[in-house]
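Note that these values count all heavy atoms, side chains included, but never hydrogens, waters or copies made by symmetry. Quantities reported herein were computed from a predicted structural model and do not represent experimental measurements. Below, read A as the first sequence line, B as the second, and so on, with proteins coming before strands; counting in each chain starts at 1.
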Number of protein chains: 2
Amino acid sequence: MLVFIYVQWETGIVQCGCRKLGKGACGMAGIKDVARAAGVSVSTVSYVLSGKRSISVKTADKVMAAVEKLGYTPDASARKMRGVRNQIIALSAPIRGDINQAKYNAYFLHTAWQAKDRGYDVLLLTGEDAVGDLRRVTQSNLVDGVVLLDIEEHDVRAAEAGLYSKPCVAIGLPSEHGDCACVDIDFTMAGRQAADCLYSKGHRKVVFLRDNEADYERGSGYVLLFRESLMAHAKELGLRIVESSKHGFDQFDAATFVHDVFDVEDRPTAIINQASANVLNQVLQELQSAGLSVPDNVSVLSCGTYFEGELMTQPITEMPVMPQELCFKAVELLVNAIESHTDIRGVVELSRPAMHRHGSVAEVDVGEQ
Amino acid sequence: MLVFIYVQWETGIVQCGCRKLGKGACGMAGIKDVARAAGVSVSTVSYVLSGKRSISVKTADKVMAAVEKLGYTPDASARKMRGVRNQIIALSAPIRGDINQAKYNAYFLHTAWQAKDRGYDVLLLTGEDAVGDLRRVTQSNLVDGVVLLDIEEHDVRAAEAGLYSKPCVAIGLPSEHGDCACVDIDFTMAGRQAADCLYSKGHRKVVFLRDNEADYERGSGYVLLFRESLMAHAKELGLRIVESSKHGFDQFDAATFVHDVFDVEDRPTAIINQASANVLNQVLQELQSAGLSVPDNVSVLSCGTYFEGELMTQPITEMPVMPQELCFKAVELLVNAIESHTDIRGVVELSRPAMHRHGSVAEVDVGEQ
DNA sequence: TTGTAAGCGTTATCAT
DNA sequence: ATGATAACGCTTACAA
């Protein structure tokens, strides 16, 4: 606690001093107070609390009673100055818009839960100057490690990981990641699998439905990787992809979309969806109104979404994002690096994409071919 | 940095010592290193950085050069031991399920942004033992203040705010809040306004649509306050309220809902909605299919939702939650308490509910009465 | 089994 | 204008 000392001068009040007072001055008990109350030395108090040397039952009881009575909690900073870890990891999520998107939430919570399980708290960093913030909190020893969320293709936070002085794990796969470890779904494989899945069932023309143009524009890593891989592999196979988002999406209208895309001679037989549950539901409704049923007339495969817990008008086969698994892996990797001094710089761990089948993908009706 | 000293013994390797090493040992420059490199004393370095006393340009240049060269960042813990504030606030959100809900996200982000604007970082606490975590981080001086999210009617975190030793603000209004300050929308007023709004337009029977039974079951504060006020005021007015959620909502089907509720003699003329955009859209679709148009046949007033940025099949008049405003007020209040030592214990600040009119509420068609 | 004291990195005071 | 130093609260090596 700082006490500022002011002097009433003829010209006004002037600050002329500042003294640091002990814990006692602001009603907080320190280890000295506990020692005094228990009639022992400070080191005895410390050892009773840490259990690092044997203490007589009698002494231990006295100390614990004093701790209880005074409501003593060791000061975090003082402990850290003695080399004890802070047990805090930074979580970087410099999100700009998209505030109403559920998807980030799962990553925040799963990271925090997993960190908590390992005994760490999470410092949330959402400022615009992400690299500056990360430098600050790592260099000042405020945190023991760093997790990066919402990775872009060219992600400066990952590229500059070497500046952080603490281990760093990204959930996502940027193109340059320097000293940063990366954990993600293999979205390149996911794109290929999506194309294969539909092609192998006889589909030859497919529409790619998205409502996340903002993600593309700012270069969000996984959507770019998925799309690139999807388009490339589709081209190899001879699978035609119609990209929905050429339409102005600000005033997206499901009826117009369905009419424009499906009311043609050579209509697509499947949708690869990356739009939200809400948008996809509207499209499903319009398909029904247009007399097209899923999956008999149109197959639907949703990729990079997470519909568990969402109310869908019908069950949709999905290659979902996996926040829980990824956050778990990221935190495990990071905590091992922190506690075992494992060198994880540059490590990349990609998970196989999952496919949750709910019957919305079918063979193309031969009568239609 | 700790260095553990091991001894190779006949029976194996045994740890027999542990020494704390200076910053230099792990490659991190401390203020002493800077002083040495610049050829000045440590106090001079400190003063150059803080600007708290006049320094010759020549010395300042030397010091800054050394700081740059060594990449020196002051140690956060050492600073705090000298009484400098930590600039961290705790954000408590012990969320259990509902991970896929967008709504929390806005509160996380707006709190973090506003805190950042005021120079604070946010420590995210999501553990089950919320009170324990809050005691720990406040008593250990890790944080300078506390914000509570997701307040329940009987919220133990708020009730125990007296234990925290740091100022505490809740975004929400629990029934017992002791030393905790509270910032919220006046949901009691909101419930009354919703009833008034519809009654004054001639509505006499209204359905209350929700998809958040879990919130009710665990006693989420604002949904209870809103519902209670709505029901009470409706009763006074003579407005009948049909509660949707008596239906098993696990397998909610919008068609069934619309049929059950609207395909009766004395059908409701309005919906008070508290369900998600996705669910409401499905209901809107079914109303259309049933030949009921909004607002000519059915008015829709959404309360306690946040549809800005959501794609609705038609614009909906809304009394929204206001994450940005509430987080702003909460952080302002808290930071003032921290920095000006204002006593905010027990303060309650309720905002007037907003009403965003988008034409989905109309007078009851007299022909129908 | 317990006490004494050094030292972590920084800032403010006092002295020059 | 600058330097030397005590103090912050805690942990741990060392002494008793």
Side-chain angles (χ1 to χ4, degrees), chain A residues 1-5 15-26 28-36 38-60 62-63 72-86 139-142, chain B residues 1-5 15-26 28-36 38-60 62-63 72-86 139-142:
Chain A
M1 183 183 202
L2 290 177
V3 170
F4 293 90
I5 302 162
Q15 182 185 337
C16 72
C18 172
R19 227 163 67 71
K20 177 80 168 51
L21 267 63
K23 264 197 163 188
C26 43
M28 297 212 63
I31 197 170
K32 282 181 194 163
D33 303 299
V34 177
R36 201 179 315 117
V40 299
S41 72
V42 288
S43 62
T44 301
V45 176
S46 178
Y47 282 118
V48 168
L49 265 49
S50 71
K52 291 198 178 177
R53 78 179 182 193
S54 54
I55 300 279
S56 72
V57 177
K58 199 176 136 197
T59 306
K62 277 191 302 184
V63 169
Y72 168 70
T73 310
D75 182 272
S77 302
R79 300 193 72 210
K80 197 166 61 82
M81 287 208 50
R82 295 294 314 159
V84 178
R85 256 195 312 274
N86 229 339
Q139 303 272 22
S140 70
N141 287 315
L142 189 55
Chain B
M1 184 182 204
L2 290 177
V3 170
F4 294 90
I5 301 162
Q15 182 183 338
C16 71
C18 173
R19 228 163 67 71
K20 177 81 170 51
L21 268 62
K23 265 196 162 188
C26 44
M28 297 213 63
I31 197 168
K32 282 180 194 164
D33 304 296
V34 176
R36 201 179 315 117
V40 298
S41 72
V42 287
S43 57
T44 300
V45 175
S46 178
Y47 282 116
V48 168
L49 264 49
S50 70
K52 290 195 182 178
R53 78 179 183 193
S54 52
I55 300 279
S56 71
V57 178
K58 198 175 137 198
T59 307
K62 275 192 302 187
V63 169
Y72 167 71
T73 309
D75 182 90
S77 302
R79 300 192 73 209
K80 196 165 61 82
M81 284 206 51
R82 295 292 312 154
V84 178
R85 257 195 311 274
N86 228 340
Q139 303 272 23
S140 70
N141 288 314
L142 189 54

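Atom CE of A:Met28 and atom OH of A:Tyr72 lie 10.0 Å apart (nearest 0.5 Å). Atoms CD1 and OG, from B:Ile55 and B:Ser50 in turn, are 8.0 Å apart once rounded to the nearest 0.5 Å. Once rounded to the nearest 0.5 Å, the distance linking CG of A:Asp75 with CD of B:Gln139 reads 11.5 Å.
Checked against side chain to side chain contact (heavy atoms under 4.5 Å, CB included), A:Arg85 has the following partners two or more places apart in sequence or in another chain: A:Gln87, A:Tyr120, A:Asp144, A:Ile338, A:Glu339. Considering only residues two or more places apart in sequence or on other chains, B:Ser140 meets the side-chain hydrogen bond (donor to acceptor under 3.5 Å, both in side chains) condition with none of them. Applying the salt bridge (charged side-chain N to carboxylate O under 4.0 Å, His left out) rule to B:Arg53 yields no partners; only residues at least two apart in sequence or on another chain are considered. For B:Ser46, there are no side-chain hydrogen bond (donor to acceptor under 3.5 Å, both in side chains) partners at least two apart in sequence or on another chain. By the side-chain hydrogen bond (donor to acceptor under 3.5 Å, both in side chains) test, A:Thr59 pairs with A:Ser56, sequence neighbours left out.
Interface remark: the B:Ser43 side chain does form a donor-acceptor pair with the D:dG3 base, using a distance-only criterion of under 3.5 Å. If you check distances only, the side chain of A:Ser56 never reaches the base of C:dT1 with a donor-acceptor pair under 3.5 Å.
Taking the side chain of A:Arg82 as heavy atoms from C-beta on, and the options C:dT10, D:dT12, C:dT2, the nearest nucleotide is D:dT12. Among D:dT2, C:dA5, D:dG3, the nucleotide with an atom closest to any side-chain atom of B:Ile55 is D:dT2. Closest contact between the side chain of A:Asp75 and the listed nucleotides C:dA12, D:dC10, D:dA1 involves D:dC10.
OP1 or OP2 of C:dT2 sits under 4.0 Å from a side-chain N or O of A:Thr59. Note on A:Lys52: every side-chain N or O is 4.0 Å or more away from OP1 and OP2 of D:dT11. Of the side-chain N and O atoms in A:Thr44, one or more sit less than 4.0 angstrom from OP1 or OP2 of C:dG3.
With the end axes of the helix from C:dT1-D:dA16 to C:dT16-D:dA1 each set by five pairs, the angle from one to the other reads 50° at 10° resolution.
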Between protein and nucleic acid, restricted to nucleotides 14-16 of chain D and to nitrogen or oxygen atoms under 3.5 Å apart, what atom pairs and distances do you find?
| unit_1 | atom_1 | unit_2 | atom_2 | d |
| --- | --- | --- | --- | --- |
| D:dC14 | N4 | A:Arg53 | NH1 | 3.4 |

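As rounded to whole Å, 18 Å separates atom P of D:dG9 from atom CG of A:Asn86. Atom P of nucleotide D:dT2 and atom NZ of B:Lys62 are separated by 8 Å, given to the nearest angstrom.
Mapping B:Val40 and B:Ala78 onto DNA chain D via the closest heavy atom, the residue that lands nearer the 5' end is B:Val40.
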